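Numbers restart at 1 for each chain; the letters A, B, ... are given by sequence-line order, proteins then strands. What you are looking at is a predicted structure, and each value in this text was computed from that prediction instead of being measured.
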Amino acid sequence: MSDSTSFFGDPDPIFANKDLLRVQHLPDKDRIIGRDEELTQLANAIKDAAHGRTPNNVLVYGKTGTGKSLCTKYITNDLVSSAEENDVSVGVAYVDCFQDSTETQTVRSIADSLNDPDETDIKIPMSGLSTSDYYRRLWNILEDRYDVGLVILDEIDKLDSDDVLMQLSRAAESGKIEDSTLGIIGISNKIRYKETLNERVRSSLSERNLVFAPYDAKQLGEILNSRIDAFREGVVEEAVIPKIAALAAREHGDARKAIDILRYAGESAYERGHESVREIHVDEAHEREERNRLSELISKLPSHSKHLLNALALQAQQHDDDDPEIPTEDIYSLYEIMCKQEGTDPLKNRRVRDLLSELEFLSVIHQQHKGRGRGRGAHTVNQLVDEPKLVIKACKSA
DNA sequence: CCTCCACAGGAATTTGCGGGGT
DNA sequence: ACCCCGCAAATTCCTGTGGAGG
């Protein structure tokens with residue numbers, strides 16, 4: 001601690017408005033840096049909606065932290081207000097397909113965010129309806145409230161079926177909705193995503209394609225500078241922002257991570273009781289950012305997946321071997337023991353294999369098929385992608 | 001190069017949940 | 001109040017298979 005005697009009373013010596021460094025924070029237009037080209041293209045693609053006509057469907061590509069979601073949210077907000085001036089009502093539904101990955105969940109989520117139960121007298125329950133019921137309600141809501149519906153599907157590549165896309169893209173032509181119309185904006189970080197779609201959906205979904213390039217050091221610097229107001233005047237030393245920008249540009253060009261690092265740097269300066277943010281804080285912040293990414297991912301996992309990961313990490317630690325391959329059956333037996341100690345009953349073997357392959361899909365672990373020779377069967381071995389220590393820590397805290 | 005079998009993973013089935021309809 | 005439905009998660013059932021040892 002510093003020599004300050006008060007824990008809450010004194011004003012924060014480092015931060016003036018920390019909210020500016022939250023990822024969710026949606027900046028004004030003049031704070032969106034280096035995406036003018038992309039914003040114009042996006043606006044052009046969907047501008048028809050402002051006049052009540054059907055907008056183009058768009059696919060937006062780009063690595064994480066390149067401003068895809070941010071720009072899409074900004075431009076759709078803008079569209080809603082300029083449509084209002086023309087007496088056109090536009091409804092925007094934002095869906096994170098990582099969370100709502102099944103067809104039913106996606107439709108439900110779209111319907112829910114476009115709905116206003118007081119106005120439409122339509123209720124959208126969390127579950128209990130058939131998928132087609134959700135669709136029916138969605139169409140009714142659209143006709144009731146909006147001239148144009150815009151559906152933003154973030155992380156669209158995480159969808160486990162094309163059916164939603166199919167339904168949405170032909171809603172208008174098949175006469176499900178008559179007075180309203182619908183546009184889709186798909187956001188993906190896999191450039192090859194389009195190739196995995198069937199022909200019918202592909203052509204209608206990708207009427208326009210946009211690619212967001214990673215930010216370079218100069219742009220990252222500007223982005224960070226635009227949020228400098230989060231700090232008290234003069235506490236961030238000059239070298240700090242260029243250093244973070246260079247670091248982030250070299251590694252990934254991810255603005256979200258760059259902002260996280262800046263925030264962590266501020267926090268670590270605060271914790272040490274320093275009155276300015278210096279270069280040494282950046283190095284700490286960088287490490288902290290990497291650790292946090294993993295624990296955030298793990299904390300969103302279902303509890304049984306966490307236990308499995310924990311079991312795998314513990315066994316990996318037993319081996320002196322670096323990056324040991326652990327057979328599934330070993331993970332399972334340790335997992336069983338852990339569950340019994342904790343008083344929850346363990347899942348069966350088959351389910352566990354499914355959960356493990358989900359973890360592989362999330363690239364938290366790596367799996368490999370191996371045979372064991374005559375009369376000894378074949379099995380799968382599992383490896384952690386990250387350090388066992390980090391994983392165990394993340395499992396505990398979650 | 002063939003063989004042999006424990007585990008992999010697809011398919012069918014059950015369970016639990018949160019709703020409608022009557 | 002009751003029964004019935006669809007979905008997701010979990011379980012049961014069962015065929016397919018990788019690859020070291022013969």
| query | Considering residues, nucleotides and ligands other than A:Asp121, do more than 12 of their heavy atoms fall under 6.0 Å from its CG? | reply | no
Anything under 3.5 Å between a protein N or O and an N or O of nucleotides 18-21 of chain B, put it in a table, one pair a line.
from	atom 1	to	atom 2	distance (Å)
B:dG18	O4'	A:Ser127	OG	3.1
B:dG18	N2	A:Gly128	O	3.4
B:dG19	O4'	A:Ser127	O	3.4

| task | Would you indicate what A:Arg353 reaches in the nucleic acid, counting non-hydrogen atoms under 4.0 angstrom: base, sugar-phosphate, or nothing? | result | base
| task | Determine the contact category for A:Ser132: base if any of its heavy atoms lies under 4.0 Å from a base atom, sugar-phosphate if only primed atoms, P, OP1 or OP2 are that close, otherwise nothing. | result | nothing
| query | Which sits closer to the 5' end of DNA chain B, A:Arg350 or A:Glu329, going by the nucleotide each is nearest to? | reply | A:Glu329
| When the nearest nucleotide of DNA chain B is assigned to A:Gly377 and to A:Thr380 on a heavy-atom basis, which residue is associated with the more 5' position? | A:Gly377
Please state how far atom [atom1] in [X] lies from atom [atom2] in [N], giving the value in whole angstrom units.
X        : N      : atom1 : atom2 : value
A:Asn349 : B:dC7  : CG    : P     : 8 Å
A:Asp133 : C:dC4  : CG    : P     : 18 Å
A:Lys370 : C:dT17 : NZ    : C1'   : 16 Å
A:Tyr332 : C:dA10 : OH    : P     : 12 Å
A:Lys348 : B:dC7  : NZ    : P     : 17 Å
A:Arg376 : B:dA8  : CZ    : P     : 15 Å
A:Asp345 : B:dG16 : CG    : P     : 11 Å
A:Arg372 : C:dG21 : CZ    : P     : 12 Å

Taking the side chain of [X] as its heavy atoms from C-beta onward, which of [options] lies nearest to it?
X        : options               : result
A:Thr328 : B:dA8, B:dC4, C:dA10  : B:dA8
A:Arg351 : C:dA9, C:dA8, C:dT17  : C:dA9
A:Arg374 : C:dT11, C:dG6, C:dG22 : C:dG22

| Short side-chain N/O contact to B:dC7 OP1/OP2 from A:His369, under 4.0 Å | no
| query | Do A:Ile124 and A:Leu142 share a hydrophobic cluster, counting only Ile, Leu, Val, Met, Phe, Trp and Tyr and linking them when any side-chain heavy atoms are less than 4.5 Å apart? | reply | yes
| Are A:Phe231 and A:Phe15 an aromatic pair by the rule of ring centers under 6.0 Å? | yes
| request: Please examine the side chains of A:Ile46 and A:Arg208, heavy atoms only from C-beta on, and report whether any two atoms are closer than 4.5 Å. | output: no
| message | Do A:Val391 and A:Leu309 have side chains that approach each other closer than 4.5 Å (heavy atoms only, starting at C-beta)? | response | yes
| message | Any salt bridge linking A:Lys243 with A:Asp283? Criterion: basic side-chain nitrogen under 4.0 Å from a carboxylate oxygen. | response | yes
| request: Report yes or no: is the cationic atom of A:Arg35 (NZ for Lys, CZ for Arg) closer than 6.0 Å to the six-membered ring centre of A:Tyr215, at no more than 45° off its axis? | output: yes
